Trainee: 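Sharing a structure below in structure tokens format, with a few things to ask.
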Amino acid sequence: MPIPTPPRFKLNENYTNGTVTINSSVLEFATTAGRSYTILYRDNIEEPWKASLPSVTAGANVMQWLDYGPPKTETPPGEQRYYQVLLLP
């Protein structure tokens with residue numbers, strides 16, 4: 001059985017939506033096509049995890065997920081954000 005590849009992160013990239021530029025984070029992680037995943041995040045190591053919505057279903061063996069804030073997460077990423085990727089049953 002192959003060992004899963006840990007997610008790779010690019011933090012605080014600029015994302016332009018029309019004329020508005022905001023911070024964003026890009027996660028890239030190994031997946032299994034057809035399986036569903038939930039991205040968990042928090043801005044402080046002491047905070048409880050929050051689930052991004054909606055969960056995502058992989059179409060291939062690698063997925064990229066962009067966090068630019070609402071509606072997936074409550075706020076855009078700041079100077080630091082922690083992530084976990086959960087494989088759903």
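Because the structure is predicted, anything quoted here is derived from the model rather than measured. Along the sequence shown, the residues carry numbers beginning at 1.
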Trainee: Counting N and O atoms only, with roles assigned by atom type, does the side chain of Thr31 sit under 3.5 Å from a partner on the main chain of Ala60, one being a donor and the other an acceptor?
Mentor: yes
Trainee: Working note: Ser55 + Ser36, criterion side chain to side chain donor-acceptor pair (under 3.5 Å); need CA distance, chi angles, decisive distance, verdict.
Mentor: CA-CA 7 Å; Ser55 294; Ser36 294; over 6 Å; no
Trainee: To the nearest 0.5 Å, tell me how far Trp49 CH2 sits from Arg42 CZ.
Mentor: 4.0 Å
Trainee: Could you please spell out the steps behind the side-chain contact (heavy atoms from CB on, under 4.5 Å) verdict for Glu28 and Val62?
Mentor: CA-CA 7 Å; Glu28 182 177 283; Val62 174; 3.6 Å; yes
Trainee: Check whether Ser52 reaches the backbone of Ile39 with its side chain - one donor and one acceptor, N or O, closer than 3.5 Å.
Mentor: yes
Trainee: Run the numbers on Ser25 and Tyr83 for side chain to side chain donor-acceptor pair (under 3.5 Å), then give the verdict.
Mentor: CA-CA 10 Å; Ser25 298; Tyr83 295 95; 3.3 Å; yes
Trainee: Applying salt bridge (Lys or Arg N to Asp or Glu O under 4.0 Å) as the test, list every pair that has at least one member in residues 47-70; sequence neighbours left out.
Mentor: Lys50-Glu74, Asp67-Arg81
Trainee: In the structure I gave you, are the side-chain heavy atoms of Thr32 and Asn61 within less than 4.5 Å of one another anywhere?
Mentor: no
Trainee: Output all residues satisfying ring-ring contact (aromatic ring centres under 6.0 Å, His included) with Tyr37, sequence neighbours left out; order by chain, then residue number.
Mentor: Phe29
Trainee: What closest approach, in Å, do Val56 and Met63 show between heavy atoms, and which atom pair accounts for it?
Mentor: CG2-SD, 3.4 Å
Trainee: Does anything in residues 53-62 pair up under salt bridge (Lys or Arg N to Asp or Glu O under 4.0 Å), and if so which pairs, sequence neighbours excluded?
Mentor: none
Trainee: Examine distances only and state if a side-chain atom of Lys72 and a backbone atom of Trp65 form a donor-acceptor pair shorter than 3.5 Å.
Mentor: no
Trainee: Evaluate Leu40 against Val85 for side-chain contact (heavy atoms from CB on, under 4.5 Å), listing each step before the verdict.
Mentor: CA-CA 6 Å; Leu40 301 179; Val85 178; over 6 Å; no
Trainee: When you group the ILVMFWY residues by side-chain heavy-atom contacts below 4.5 Å and let the links chain together, are Tyr82 and Leu66 in the same group?
Mentor: no
Trainee: Keeping the roles fixed (side chain from Arg35, backbone from Leu88), state whether a donor-acceptor pair exists under 3.5 Å.
Mentor: yes
